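Here is the structure we will look at, set down as structure tokens.
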Amino acid sequence: MLMKGKKGVILGVANDKSIAYGIAKACAAQGAKIAFTYLNDSLKKRVEPIAAEFGSEALVYPCDVSNPQEIKDLRIALEKDLGEIDFIVHSIAFAPKEGLSGRFHNITKEAFDIAMDISVFSLIEVTKELKPLLSNNSSILTLTYYGGAKYIPNYNLMGVAKAALEMTTKYLAEDLGKDGIRVNAISAGPIRTLAAAGIGDFRFMLKWNEAHSPLKKNVSIDEVGNSGMYLLSDLSSAVTGEIHYVDSGFNIMGMPAVEFEEGGKPRIAWNGTDK
Ligand SMILES: NC(=O)c1ccc[n+]([C@@H]2O[C@H](COP(=O)([O-])OP(=O)(O)OC[C@H]3O[C@@H](n4cnc5c(N)ncnc54)[C@H](O)[C@@H]3O)[C@@H](O)[C@H]2O)c1
């Protein structure tokens with residue numbers, strides 16, 4: 001039981017397709033005690049049964065990260081109900097729809113500010129608020145995507161937010177290392193979730209990743225969950241500031257494999273299935 005005796009909070013479960021759900025499942029299977037948060041009342045109905053599934057029915061709290069008071073209230077509630085905690089999972093992102101398709105230069109300041117506030121600054125604010133509760137052997141994990149490192153069609157504004165999130169992870173890791181707090185990010189391959197539904201041509205991203213990754217498959221929330229559990233557990237006690245890819249190896253590819261037609265004409269090899 002790698003997480004036995006560890007307590008923490010997971011922000012970002014919307015339903016049982018959420019990456020945060022996969023992380024919760026892996027941590028609970030290794031004995032962790034987990035508190036959950038929900039964004040609003042309609043998601044509360046979905047998160048409560050999930051918390052109950054992990055024996056955490058008494059540990060479910062509201063937290064809209066765009067409202068600083070709700071983050072403060074979360075700290076007060078966690079202090080009362082859990083005391084010291086050992087991990088935080090930040091699995092939250094949002095960008096207005098206009099920022100996830102179309103011409104990049106048309107992004108508005110309003111959309112930019114919202115995306116950066118919810119998808120990036122919230123990691124800093126949650127960390128700052130919950131830091132007094134964190135043990136001196138604790139771990140913070142956030143979720144990013146390859147579109148923060150390289151251009152990905154339609155990822156647009158979220159790509160800029162993920163780039164900022166990845167650097168935030170590194171600066172936080174340096175800052176908090178002296179307090180015994182590690183900070184890492186998982187860069188997950190594309191997965192069909194509620195958040196992913198907002199990204200234009202997402203089906204094609206899935207197909208492309210499957211066809212051109214070394215492992216020739218897409219990743220599941222269970223696979224991200226297992227890697228997340230490793231980063232939250234003492235197995236990764238010397239790992240911090242890392243952007244850890246869980247993407248079937250897609251990020252190492254500089255060029256898709258090429259096959260040759262009769263007559264020697266090259267074309268891109270397509271190894272994916274048509275789903
Ligand atoms: N699905 C993918 O392909 C993929 C790939 C790589 C990284 N990610 C990242 O993983 C994380 C989780 O996304 P997911 O794919 O599991 O989708 P999801 O929709 O299940 O989770 C996103 C969560 O963000 C929460 N959220 C949005 N605005 C919020 C706010 N103001 N306050 C509090 N919570 C808020 C939602 O309630 C939801 O629980 C995100 O950071 C996402 O960018 C997703």
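Note that ligands are numbered from 1 as they come in the structure, with each ligand's atoms numbered from 1 the same way. Here the structure is a predicted model, which is why all the values come from computation and not from measurement.
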Name each donor-acceptor pair under 3.5 Å that joins a side chain in residues 167-177 to protein atoms two or more places apart or in another chain, with its distance.
residue, atom, partner, partner atom, Å
T168, OG1, A164, O, 2.7
T169, OG1, L165, O, 2.9

Do E166 and T144 have a side chain donor and acceptor closer than 3.5 Å? yes
Under 3.5 Å, which donor-acceptor pairs link side chains of residues 183-190 to any protein atom two or more places apart or in another chain?
residue, atom, partner, partner atom, Å
N184, OD1, G241, N, 3.2
N184, OD1, E242, N, 2.9
N184, ND2, V239, O, 3.0
S187, OG, Y146, N, 3.4

Exactly one of K33, K6, M229 clears side chain to side chain contact (heavy atoms under 4.5 Å, CB included) with C27, and that residue is M229
Quick one, Y38 and Y61 - any side-chain contact, counting heavy atoms below 4.5 Å? no
For ligand 1, what N or O to protein N or O distances fall under 3.5 Å?
residue, atom, partner, partner atom, Å
ligand 1, 1 (N), I191, O, 2.9
ligand 1, 1 (N), T193, OG1, 3.2
ligand 1, 3 (O), I191, N, 2.7
ligand 1, 3 (O), I191, O, 3.3
ligand 1, 15 (O), T193, OG1, 2.6
ligand 1, 16 (O), I19, N, 2.8
ligand 1, 17 (O), T193, OG1, 3.2
ligand 1, 19 (O), A195, N, 3.0
ligand 1, 20 (O), S18, OG, 2.6
ligand 1, 31 (N), D64, OD1, 2.9
ligand 1, 32 (N), V65, N, 2.9
ligand 1, 39 (O), G12, O, 2.9
ligand 1, 39 (O), A14, N, 3.4
ligand 1, 41 (O), I92, O, 3.4
ligand 1, 41 (O), K162, NZ, 2.9
ligand 1, 43 (O), K162, NZ, 2.9

What residues form a ring pair (Phe, Tyr, Trp, His ring centres under 6.0 Å) with F87, not counting sequence neighbours? none
